[in-house]
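Reviewing the structure listed below.
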Amino acid sequence: MKRLSDSVLQDLPADIATPRYDRKTTAAGIVHIGIGAFHRAHQAVYTDEVMNQLGGDWGVVGVSLRSAAVGDQLNPQQGLYTVVEQSATAERYRLIGAVKNVLLAADDPAAVLALMARPTTHIVSLTVTEKGYCHDPATGELSLQHADIAHDLANIEQPRTAIGFLVAALRQRLRRGIAPFTVLTCDNLPSNGVLLRRMVLAFAAALEPGGELSRAIAAQVSFPSTMVDRIVPATTEKDRESLAQKLCAFDEAMVKTEPFSQWIIEDNFTGQRPAWERAGALLVNEVGPFETMKLRLLNGSHSALAYLGYLSGYEYVYQTMQNPAFVSYLRALMDAEITPGLMQPEGIELPAYKATLFERFANPALKHLTWQIAMDGSQKLPQRLLDTIRYQLSQRASIRCLALAVAAWMRYITGIDEYGARIDVQDPYAQRFRQLAAAAEHDPEALVHAYLSVQAVFGEDLAGSAVLRQALHGWLRDLYDYGARRTLERCFGGAAGGVGAL
Ligand code: CS2
């Protein structure tokens, strides 16, 4: 079977939407670092839609920092790929033409820098996941001890990290008198633009201690914050095969996702940008309240479902939503413990927003692995759950459900499941937590004590909270004694109905 490419476009079935602009004459205006499935199902779709409506040179050159996989998928297809939108009842297909090609930074960092330094590059956007920011998750400060940051400071012409690439490219532009690009982070971090700016300035100050470079970047470069939202489960071989039946061409780079999509962008660009509002993005003055709402309600709940669900033997998120105890737990978590600390963003009704989350999580067409969401918990927990715990503690309000989620993460990251089997924990701190669990001999009290003392995750404050410590200890004991599913069913099993009954 042929590979998907421009030359098979005209042979595709009529129900597959295709780009309406001329891909050949469209130049690139965006460099995107970290071109994984999320970018392809989210920002690239908005950019594609803008070009459908208005044209413009907003093609995207993708950069993979380390892995050749995405380039191998997209380059033979001239960057073309399919987005498959799956609702409970229907599937929609759309070919995205915004991506032009993918470079592998590890192979040729100079080529990536040259591209970023080109005057026609107006925006450098990023989805490099939480750990790609090389920061201390609890403090939000750049970790100068990080091996790759140390490498980049010593070898700025051949960087490895996104931060190194940004500073090296901005430095080249400033030296040559080329106006800087806008740096657009699209990762799930609070005040993500502010955070990235802080990382970039700290790196620039360490690179050139005179302070001139960091001052110039601070004065001239904008780092808008964004809130990005779309659930994008990892693509499987089976997904690719079933799409191939439909396309009569093989698409290695396809992504599958839900119908829902949201993008809130701080309207703070130094140079040109695509009119993303034409594709449904919201350009606002203040992203903070949207971001906090999304990180705490969606991602906080997602992480809770991931750890409790995985331990309960649920492979996919939608399966957890078929268990009424999980649904009533989630309801209590969101309503009683997360919502009180939120500001209502303009134009959003929190009850309706939450109702949508229940529907989205329950979408049975979306095979989203609990294991996938469980990845990198040490980097995710602070902004998803721990900040909410801090707020609730400051109000002397309940943290019961929040603590259960954190206890489930603690149980998960021991690396041993409820049947004594090894969990494939993907987390930069996996080994550290596994060793702490072994040293604590899996005793709940000792384990809570050891884990809470990891300040990179829990900060300097949380270990000192007796309320939190006790709650975690109680839940962890239950998780060891009864297992996750029975714990939830014992404590939250009383309410009626699964998600359909809401
Ligand atoms: C998920 C997110 O994997 C995870 O940690 O919680 O990727 C989530 O699906 C997205 O943020 C939804 O916008």
Side-chain angles (χ1 to χ4, degrees), residues 130-131 136-138 145 300 303-315 320 325-326 329 333 369-382 384-386 388-390 393 399-492:
E130 295 84 351
K131 60 178 182 276
D136 181 318
Q145 295 82 28
S303 290
L305 291 180
Y307 299 116
L308 288 162
Y310 183 94
L311 293 170
S312 300
Y314 294 124
E315 206 178 345
T320 66
F326 272 75
Y329 163 72
L333 174 72
L369 289 171
T370 48
W371 176 83
Q372 187 188 344
I373 301 162
M375 272 187 229
D376 292 340
S378 66
Q379 314 289 305
K380 292 173 174 171
L381 245 55
R384 294 184 176 202
L385 293 164
L386 302 181
T388 313
I389 289 184
R390 287 190 176 92
L393 288 173
I399 56 161
R400 181 168 177 252
C401 301
L402 291 158
L404 175 53
V406 177
W409 168 76
M410 289 181 159
R411 179 70 186 81
Y412 178 88
I413 204 159
T414 63
I416 312 278
D417 75 10
E418 294 180 0
Y419 301 93
R422 203 182 138 264
I423 304 175
D424 178 14
V425 176
Q426 300 285 319
D427 191 297
Y429 292 8
Q431 200 188 351
R432 182 155 171 203
F433 282 107
R434 199 167 48 240
Q435 285 166 352
L436 287 174
E441 296 178 348
H442 290 259
D443 168 67
E445 197 166 0
L447 210 140
V448 167
H449 180 74
Y451 280 12
L452 278 180
S453 64
V454 179
Q455 292 191 356
V457 177
F458 291 98
E460 291 175 9
D461 53 339
L462 288 179
S465 163
V467 176
L468 176 62
R469 188 178 289 269
Q470 264 166 27
L472 289 172
H473 176 208
W475 283 126
L476 202 58
R477 207 182 43 223
D478 284 359
L479 291 174
Y480 272 105
D481 288 354
Y482 303 110
R485 194 188 296 208
R486 267 191 70 206
T487 297
L488 273 160
E489 287 169 358
R490 285 172 80 235
C491 302
F492 298 91

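What you see below is based on every heavy atom in this structure, not just the backbone, and it leaves out hydrogens, waters and symmetry mates.
- Separating the CZ atom in R485 from the CZ atom in R490 is a distance of 15.5 Å, to the nearest 0.5 Å.
- Among residues two or more places apart in sequence or in another chain, the ring pair (Phe, Tyr, Trp, His ring centres under 6.0 Å) test is passed with Y314 by F326.
- Evaluation of the salt bridge (Lys or Arg N to Asp or Glu O under 4.0 Å) rule for D443 yields no partner, not counting sequence neighbours.
- Of the possible donor and acceptor atoms, one in the side chain of D427 sits under 3.5 Å from a partner among the backbone N and O of G377.
- Take A405 and apply the side-chain contact (heavy atoms from CB on, under 4.5 Å) test, not counting sequence neighbours, and it matches A304, Y329, L385.
- Among residue pairs with one or both ends in residues 446-467, those qualifying as salt bridge (charged side-chain N to carboxylate O under 4.0 Å, His left out) are R390-D461; sequence neighbours excluded.
- Applying the side-chain contact (heavy atoms from CB on, under 4.5 Å) rule to Q431 yields the partners R434, Q435; only residues at least two apart in sequence or on another chain are considered.
- Counting heavy atoms from C-beta on, the side chains of L404 and L488 come closer than 4.5 Å.
- In this structure, CG in L311 is found 8.5 Å from OH in Y412, a value given to the nearest 0.5 Å.
- At distances below 3.5 Å, at least one donor-acceptor pair connects side-chain atoms of S453 with backbone N or O atoms of A450.
- Residues passing the side-chain contact (heavy atoms from CB on, under 4.5 Å) test with A463 are L452, R469, sequence neighbours excluded.
- Sorted by first and then second residue, the salt bridge (charged side-chain N to carboxylate O under 4.0 Å, His left out) pairs involving residues 411-423 (not counting sequence neighbours) form an empty list.
- In this view, Q426 and D424 satisfy the side-chain hydrogen bond (donor to acceptor under 3.5 Å, both in side chains) rule, not counting sequence neighbours.
- Using modelled atom types, no side-chain atom of W371 and backbone atom of I423 make a donor-acceptor pair closer than 3.5 Å.
- For D136, there are no salt bridge (Lys or Arg N to Asp or Glu O under 4.0 Å) partners at least two apart in sequence or on another chain.
- Pairs engaging residues 369-380 under the salt bridge (charged side-chain N to carboxylate O under 4.0 Å, His left out) rule: K131-D376 [sequence neighbours left out].
- In this view, E130 and R384 satisfy the salt bridge (Lys or Arg N to Asp or Glu O under 4.0 Å) rule, not counting sequence neighbours.
- Remark: F433 engages W409, Y451 in a ring pair (Phe, Tyr, Trp, His ring centres under 6.0 Å) (not counting sequence neighbours).
- Of the options R477, Q470, M410, a side-chain contact (heavy atoms from CB on, under 4.5 Å) to V448 is made by M410 and by none of the others.
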